[in-house]
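Below: the structure, in structure tokens.
Per chain, numbering begins at 1; letters A, B, ... match sequence-line order.
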Amino acid sequence: MKHLLIIAASIFFATQASAITKVNGAGASFPYPIYSKWFSEYKKVKTDVQFNYQAIGSGGGIRQLIKQTVDFGASDAPMKEKDMKKAAWPVLHVPTVMGAVSIAFNLDGVKALKFDGPTLAKVFMGEITKWNDPAIVALNNGAKLPNKDILVVRRSDGSGTTSIFSDYLSTVSPSFEKNIGRGKALKWPGVTVGAKGNDGVTGVIKQTKGAIGYVELAYAIKNDLPTAELKNKNGKYVAPSIKGVSASAAKLKDDVYNGDLRISIVDQEGDDVYPISAFTYILLPQTKETTQLKEVKSFLNWALTKGQAMAGDLHYAPLPIKLSEILLKKIK
Amino acid sequence: MMIETTNYYRWRKFKNRFFQFLLILSAIAVLTPIFLIVQYTFVKGASSLNFDFFTNLPKPVGESGGGMRHAIIGTLYLVAIGAAIAVPLGIMSGIYLAEFDKKSALSRILSFSIDLLTGVPSIIVGIFAYILLVVPLKSFNALAGGVALSIIILPIVTRSTEEILKLVPDHIREAGLALGLPRWKVIFMIIVPGSFKGIFTGVMLAISRAAGETAPLLFTAFGNMYMSYRIDQPMASLPVQIYNYAISPFEDWQRQAWGGAFVLIIIVLGINLTSRAIINRNEFVNFFIELNKKFKGKKVK
Amino acid sequence: MEQALNQKSVNNSPAPEGPDSLHLGIPFKLQDKINVWVLRTLAFAIITMLATLVVLLFKQSGEAVKEFGLWNFISTDNWNPVEDEFGGLSFLYGTAVSSILALAIAAPVSVAIALFLNEMLPAWLGKFLGLFVEMIAAIPSIVFGLWGIYYLAPFVKETLTPLLKSTLGFLPLFQGPSFGIGMLTASLILAIMIVPTITSICREVFKTIPGHQKEAALALGATRFEMIKLAILSPSFSGIMGGVVLGFGRALGETMAVAMVIGNSTSISSSLLAPASTMASVIANEYAEADSDLHVAALCLVGIFLFVITLIINFAARSIVWHFNRKHAR
């Protein structure tokens with residue numbers, strides 16, 4: 001017995017020392033598919049660094065960063081001024097990729113749907129409750145839609161995806177802006193189900209016939225959920241895609257890139273634009289360089305160059321090249 | 001008058017039949033879903049298991065071949081920490097409650113506190129450990145998870161040790177003392193080793209319960225996609241990993257969640273049944289002898 | 001036995017020969033004194049630890065109490081993390097409704113099963129199935145949750161809801177759409193989970209009835225049902241109550257299975273088909289990612305309410321069972 005204890009104790013203490021540098025990050029689930037791919041590929045490049053990323057939602061990422069329980073944060077919703085003040089040091093928002101918030105649904109026999117901003121807002125405000133509501137039918141060339149309840153699924157956690165989506169709905173629907181507004185967590189009216197993370201929402205939509213919700217495009221595609229075409233500012237119906245997202249950033253001027261980078265690109269002008277597009281950011285503390293911080297910076301160098309090529313496979317849009325160049329300089 | 005008696009009798013008979021019917025119905029109503037749950041989990045879980053499950057770490061979303069090796073080891077690790085803290089402490093406090101200071105305030109307050117701990121919802125235990133260890137260490141860590149589990153294990157071990165020791169008749173203690181031993185030796189070298197089976201069962205039941213707990217680990221040990229042995233870093237555990245995968249939409253992850261649930265049930269029920277069998281060894285053996293006799297008579301082949 | 005200790009021990013001196021095999025060289029009385037004091041210190045440490053944890057919990061929720069006031073917090077239905085406004089009424093409602101509904105389903109069924117296992121089955125089969133029921137109590141709640149999402153929720157949505165709507169659809173209880181996950185599903189899962197608790201207590205209670213009482217009832221011409229009512233149920237009533245209240249306590253604190261199937265809506269709805277939240281499920285879902293200090297404080301405050309309520313119920317159950325044992329001690 002005594003010998004067993006001694007062996008156990010020595011194994012225990014031996015495992016506490018390790019040559020691998022561990023970097024902890026937390027935040028948005030929006031980019032989780034591409035981030036997990038990046039971390040896995042980066043480990044092949046730099047074998048002695050291990051990134052542990054928890055997709056707990058943008059709100060959680062910001063809070064963990066401020067509390068200094070993680071080395072870096074990730075968020076689709078830029079930090080608010082009051083959050084920036086709470087941080088012990090300035091925080092650099094580094095865009096990594098662009099993605100689309102798609103409207104995924106699960107309706108028997110319906111593989112394609114068209115929506116416009118105001119109608120979509122009404123659905124999520126609980127004002128339109130049935131799939132065969134005249135407003136929806138009118139947008140879809142009089143298609144035969146079932147007389148079933150629309151089951152709205154939204155996020156229960158502090159979510160950048162919610163922030164982007166509500167930003168869009170507030171832009172296109174004054175009623176939504178007044179009654180619900182923008183934010184990472186909202187008071188959704190009517191009977192809605194909340195789920196955690198983009199994956200949670202996708203899971204509920206997949207499991208529930210008649211459900212509709214907003215999820216990052218990669219999640220919808222990976223789970224074979226149909227997504228709706230949205231009417232953009234130019235009046236064209238566009239499906240969520242890399243092209244639609246890239247088009248949203250096409251018109252950005254160079255001076256924007258040199259500025260704050262906490263920009264919204266929803267509902268942009270352009271025929272090919274998909275209206276619910278957004279940047280997603282890694283939140284980098286601008287502080288004295290620790291081993292962890294050095295590793296994050298070198299990872300970002302890799303992600304903003306080699307990593308961008310992997311974005312397309314997972315249905316994210318790579319950053320405009322100009323932006324990547326500027327960012328690489330900023331990170332130093 | 002005879003007719004009335006007969007009618008009333010028939011009514012009573014009917015009530016009787018009806019009631020027995022209700023009893024059987026209720027039994028089926030409950031036992032069916034329970035049986036379904038177990039069967040569904042076993043079938044779905046067992047078919048979800050493959051070699052990768054036990055040997056690999058999680059792979060990125062969409063790639064197959066991921067596993068839960070880190071979560072299985074993590075559970076063993078966290079339960080070991082919890083047990084290392086709570087089992088000695090629990091046995092000692094069980095001894096204290098059973099042997100000393102029976103009427104004193106300290107003993108009564110301790111008994112009250114143990115009762116309190118038994119009733120604390122496991123999520124609150126998680127909050128306790130979070131405030132205690134996650135906040136000062138500024139990160140989720142395995143130690144907090146282990147401590148949370150120890151809070152769950154402690155009252156079970158204390159109570160069962162106390163009950164077992166109370167069953168030992170006083171004359172054994174008196175005999176030990178009469179032989180000239182100091183009291184502590186009577187306890188630690190005679191009474192406790194003599195009740196070892198019972199205490200061991202109590203410990204095993206507590207451990208099996210802790211192994212299956214999810215809520216206390218959600219924001220203490222938190223979770224990790226990699227294998228970690230460090231006590232100051234987040235650590236994966238089987239229940240939390242199952243939870244994360246279960247609410248995800250990815251089919252491969254859901255399949256692994258079922259596999260994990262199967263492994264978890266095997267571990268928990270395995271420990272549970274084994275410890276019961278140890279204590280009821282005779283009954284267990286007799287039961288199988290009876291069963292064997294019954295079916296031997298009905299063998300067709 | 002106490003006397004044996006208090007008498008002056010003949011073997012008081014540190015003799016090298018004799019029972020002092022560890023050769024500690026200190027008198028037995030001192031050894032025992034050290035032992036008692038070590039144990040007392042451990043007991044004290046445990047009590048202090050527990051007290052510290054409770055105090056820390058209260059301290060952590062201090063901000064929420066200051067901001068909203070204790071009574072106001074639990075009576076307001078407004079949970080808005082983005083505006084930092086917190087009122088926990090919807091969780092109190094969710095916990096109360098799901099637990100009461102679960103109890104309403106589970107209590108009669110548990111008593112019925114206990115009777116079934118004890119009275120209507122041959123002894124060996126009763127023991128075997130009884131073991132089976134007790135094993136259910138050992139199954140981790142996450143497995144129930146997993147089964148609930150993928151099996152029970154679709155069942156409730158596709159089969160149970162249409163059935164309920166076609167028969168009792170006029171009731172406000174069954175209005176509105178069904179997602180599958182929601183209050184009803186959560187209550188059903190809770191019911192399944194607390195049955196073993198109540199059943200095992202009822203079985204113990206029923207076993208204390210002496211055989212001759214039952215035989216006497218039968219000898220007087222009672223049917224089996226009447227015998228059960230007279231000889232078993234009536235005298236065991238308080239024991240059954242104790243088990244029921246204990247099951248209620250278990251339902252109140254259940255976290256994971258509920259969190260996975262209740263739908264996480266923070267508004268109160270009169271319909272059982274609607275999604276809801278309980279005190280335990282909101283903590284499980286929001287704690288790890290709570291946005292601000294006030295949010296964490298509000299969640300801790302919800303935890304305190306849950307803690308206190310569970311405590312009261314558990315002690316009520318324990319005192320009922322204790323009174324019963326006193327009356328009918330074997």
Side-chain angles (χ1 to χ4, degrees), chain B residues 12-13 15-16 19-20 22-24 26-27 29-30 33-34 37 40-41 89 92-93 95-96 100 106 109-110 113 116-117 119-124 127-128 131-132 170 173-174 177 180-184 208 212 214-215 218-219 222 239 242-243 246-247 257 261 264-265 268-269 272 287 290, chain C residues 1 4-5 11 18-19 28 31-32 35-36 39-40 42-44 46-47 50 53 56-57 60 108-109 112-113 115-116 120 124 128 135-136 138-147 149 151 192 195 223-226 249 253 255-256 260 280 283-284 287-288 300 303 306-307 310-311 314 318:
Chain B
R12 285 169 58 210
K13 261 182 104 167
K15 275 200 287 188
N16 188 42
F19 183 73
Q20 294 193 35
L22 275 185
L23 280 193
I24 300 181
S26 325
V30 173
I34 292 176
I37 296 174
Y40 196 67
T41 313
L89 213 58
M92 294 298 231
S93 42
I95 293 175
Y96 175 70
F100 295 99
L106 187 64
I109 298 179
L110 182 63
S113 310
L116 212 116
L117 277 178
V120 174
S122 54
I123 190 89
I124 309 284
I127 299 185
F128 282 159
I131 298 176
L132 205 58
D170 266 348
R173 297 186 181 85
E174 289 164 7
L177 290 168
L181 290 170
R183 193 164 176 197
W184 69 274
S208 76
T214 321
L218 283 177
F219 35 84
F222 192 59
I242 296 173
Y243 176 63
I247 57 176
L264 192 62
I265 290 193
V268 171
L269 288 187
N272 212 305
F287 175 72
E290 291 287 316
Chain C
M1 193 177 73
L5 290 169
N11 212 6
F28 284 175
Q31 287 181 18
D32 277 332
N35 177 48
V36 178
L39 287 178
R40 282 188 185 146
L42 282 176
F44 188 70
I46 294 177
I47 298 173
L50 181 62
L53 290 174
L56 283 178
L57 180 64
Q60 190 80 346
V109 171
I113 291 192
L115 286 173
F116 181 72
M120 290 184 69
W124 65 272
F128 179 66
M135 283 299 105
I136 308 307
I139 293 183
S141 70
I142 182 146
V143 178
F144 282 103
L146 195 56
W147 178 80
I149 298 182
Y151 193 79
I192 298 178
V195 160
T223 61
R224 211 182 200 163
F225 163 56
E226 288 163 352
T255 313
M256 293 321 294
M260 289 163 91
I283 299 174
Y287 201 89
C300 284
L306 180 63
F307 184 47
T310 329
L311 229 60
N314 277 329
R318 232 171 275 274

Residue [X] versus chain C: region with a heavy atom under 4.5 Å:
{"X": "B:S113", "result": "both"}
{"X": "B:I123", "result": "both"}
{"X": "B:A29", "result": "neither"}
{"X": "B:Y40", "result": "side chain"}

Could you state the interatomic distance from [atom1] ([X]) to [atom2] ([Y]), rounded to the nearest 0.5 Å?
{"X": "C:R224", "Y": "B:Q20", "atom1": "CZ", "atom2": "CD", "result": "5.5 Å"}
{"X": "C:L56", "Y": "B:I127", "atom1": "CG", "atom2": "CD1", "result": "12.0 Å"}
{"X": "B:I124", "Y": "C:F307", "atom1": "CD1", "atom2": "CZ", "result": "7.5 Å"}
{"X": "B:I37", "Y": "C:F144", "atom1": "CD1", "atom2": "CZ", "result": "4.5 Å"}
{"X": "C:N35", "Y": "B:R183", "atom1": "CG", "atom2": "CZ", "result": "8.5 Å"}

Heavy-atom distances under 4.5 Å only: say whether [X] touches chain B with side chain, backbone, both or neither.
{"X": "C:L311", "value": "side chain"}
{"X": "C:L53", "value": "both"}
{"X": "C:R40", "value": "both"}
{"X": "C:I149", "value": "side chain"}
{"X": "C:Y151", "value": "side chain"}
{"X": "C:I283", "value": "both"}
{"X": "C:M260", "value": "side chain"}
{"X": "C:L57", "value": "both"}

Next on the checklist: Does B:K13 have more than 12 heavy atoms from other residues, nucleotides or ligands lying within 6.0 Å of its NZ?
Outcome noted: no
Shorter than 4.5 Å, heavy atoms on both sides: which option in [options] has the most such pairs with chain B?
{"options": "C:A112, C:S141, C:G303, C:G145", "value": "C:A112"}
{"options": "C:F116, C:F44, C:Y287", "value": "C:Y287"}
{"options": "C:V109, C:I47, C:V195, C:L306", "value": "C:I47"}

Item to check | Steps toward side-chain contact (heavy atoms from CB on, under 4.5 Å) verdict (C:L39, B:M92) | outcome: CA-CA 7 Å; C:L39 287 178; B:M92 294 298 231; 3.9 Å; yes
Looking at [options], which has the largest count of heavy-atom pairs under 4.5 Å with chain C?
{"options": "B:Y96, B:F128, B:F100", "value": "B:F128"}
{"options": "B:L22, B:I34, B:I95, B:I24", "value": "B:I34"}
{"options": "B:L89, B:I247, B:L110", "value": "B:L110"}

Any idea which heavy atoms bring [X] and [Y] closest together, and the distance?
{"X": "C:N314", "Y": "B:G119", "result": "ND2-CA, 3.3 Å"}
{"X": "B:P121", "Y": "C:T310", "result": "CG-OG1, 3.7 Å"}
{"X": "B:A27", "Y": "C:I113", "result": "CA-CG1, 3.9 Å"}
{"X": "C:L146", "Y": "B:A257", "result": "CD2-O, 3.8 Å"}

Item to check | C:I142/B:L264 under side-chain contact (heavy atoms from CB on, under 4.5 Å): CA gap, chis, key distance, verdict | outcome: CA-CA 10 Å; C:I142 182 146; B:L264 192 62; 4.0 Å; yes
Item to check | Verdict with reasoning, B:L23 to C:M120, per side-chain contact (heavy atoms from CB on, under 4.5 Å) | outcome: CA-CA 9 Å; B:L23 280 193; C:M120 290 184 69; 3.5 Å; yes
Item to check | Verdict with supporting geometry, B:L218 and C:T255, side-chain contact (heavy atoms from CB on, under 4.5 Å) | outcome: CA-CA 11 Å; B:L218 283 177; C:T255 313; 5.7 Å; no
Checklist entry - Is a donor on one side and an acceptor on the other found under 3.5 Å between the side chain of C:D32 and the backbone of B:P182? => result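 Looks like no, no N/O pair under 3.5 Å.
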Next on the checklist: With side-chain contact (heavy atoms from CB on, under 4.5 Å) as the test, pick out the partner of C:V143 among B:I265, B:T214, B:V268, B:I242.
Outcome noted: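 The single option meeting the side-chain contact (heavy atoms from CB on, under 4.5 Å) with C:V143 is B:I265.
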